[in-house]
Amino acid sequence: MSAAVTLVDLVLSAVLIVLACSALAVRSLRQGIPLFISFGLLLALIWARLAAPDLAIAEAAIGAGLTGGLLMVSLRELPTAANAFAVRFSAGRVLVDLLTLILMVVFTYAFWSGLESNDGGRLVNDVSARLPESGVSNPVTAVLLNFRAYDTLLELAVLLAAVLGIRSVGAPFPGPGTANVMLSGLSNWIVPVLIVTGGYVLWAGADTPGGAFQAGAILAAALIMLRLNGHDVVQGIGLRAERVSLSCGVMGFLLVGGAVMLNDSVFLRYPTEWAGSLILVIEVLATMAITFSLANAFAAPPAGGPASV
Amino acid sequence: MIEVIAGFLILTGAGFFIAGSIGLLRLPDLCCRLHALTKVDNLGLGLTLIGITLLEGSVVFGLKALLTWLLVMVSGAASAHLIANFDSRQTE
């Protein structure tokens, strides 16, 4: 049994490396992007195999799904000549490949020796010991939103900065007007399922795999389906609601972090009996911010300006 | 006994997956390839999920698997239609 399991792991790792290399080595982006999406899906499978379901859901939703969709949308903007690029041998390319190979060997050795030497404290023991005080029972959510909440705040700030960068290029571009009858029929079923699933993943993130980022990606997929059917929520909600929806993640986090300073005079140190509720409030606001940020990324104007499409 | 049936169903589902992949690589036309791929969605995934549900043995898991299968079938069928539509508009 163990030999078969090891064989499956080896095959998964080998296919992952092959997919990564081929996604970079194919002659045209039109072939490379689906290979990248397949790479993302296989990586989600490997995360599930490594018993990290939160990462698996996030990778499948954001890494393979939304990033792949963004790449496809940007591929449409490139002129046809840019879809095929020549693979040339040059000194710079060989040097970069050699340095990448050396880095890969160094990282593999470091990771391997870190796994082999069992001495030294493991963070999982500290997290498990303090988990009852954190307000949630999923250790990933506890680390993301309580023990390392500052990092998550900075992640949301980076996402906001990215959306501001996208919007600085131009106003959101309207989506396609009329919809194919199959697509509108499909979205009549899929969008409600996506909304309920996103809400469930957000709520269940306290105890089981899930959380704000995964729920935000699922709800962003619902908004993108609506956009493809001609109901552009990103453009339809008005300027003030847009500002609130994009910034509510960071602002909510800062407000909660500042409000708990009245109790303990340390930024983002939640009082233990309020921790679960505060985490839920932050997660709801973060989900809304992530949803609208990702949907805004899809509404970005094309490269040559609106008149070029 | 249940494990034998489940194993047979999963192997048959895997056979459909292999057939669909070979069809994707070897069939000449876009519509033929879409035809092969939607067979994977329907029968390949369905048989595999039935086999896994037999191994798991819980009704809740079966309902979740049924929902997953329905969603994959519906989205696969709609995507195939959209791709074929786009292709027919491209070639005219």
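Chain identifiers are assigned alphabetically (A, B, ...) following the order of the sequence lines, protein sequences preceding nucleic acid strands; residue numbering begins at 1 within each chain. Basis for what follows: all heavy atoms, side chains included, without hydrogens, waters or symmetry-related copies.
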Restricting to pairs with a member in residues 31-49 of chain A, which pass side-chain hydrogen bond (donor to acceptor under 3.5 Å, both in side chains), not counting sequence neighbours? A:Asp9-A:Arg49
Proximal to chain B - members of residues 185-198 of chain A, heavy-atom separation under 4.5 Å: A:Leu186, A:Ile190, A:Val193
Non-hydrogen contacts under 4.5 angstrom with chain A: give the residues of residues 66-85 of chain B involved, or none if there are none. B:Leu71, B:Val74, B:Ser75, B:Ala77, B:Ala78, B:His81, B:Leu82, B:Asn85
If the contact rule is any heavy atom under 4.5 Å from chain A, which residues of residues 6-40 of chain B qualify, in numerical order? none
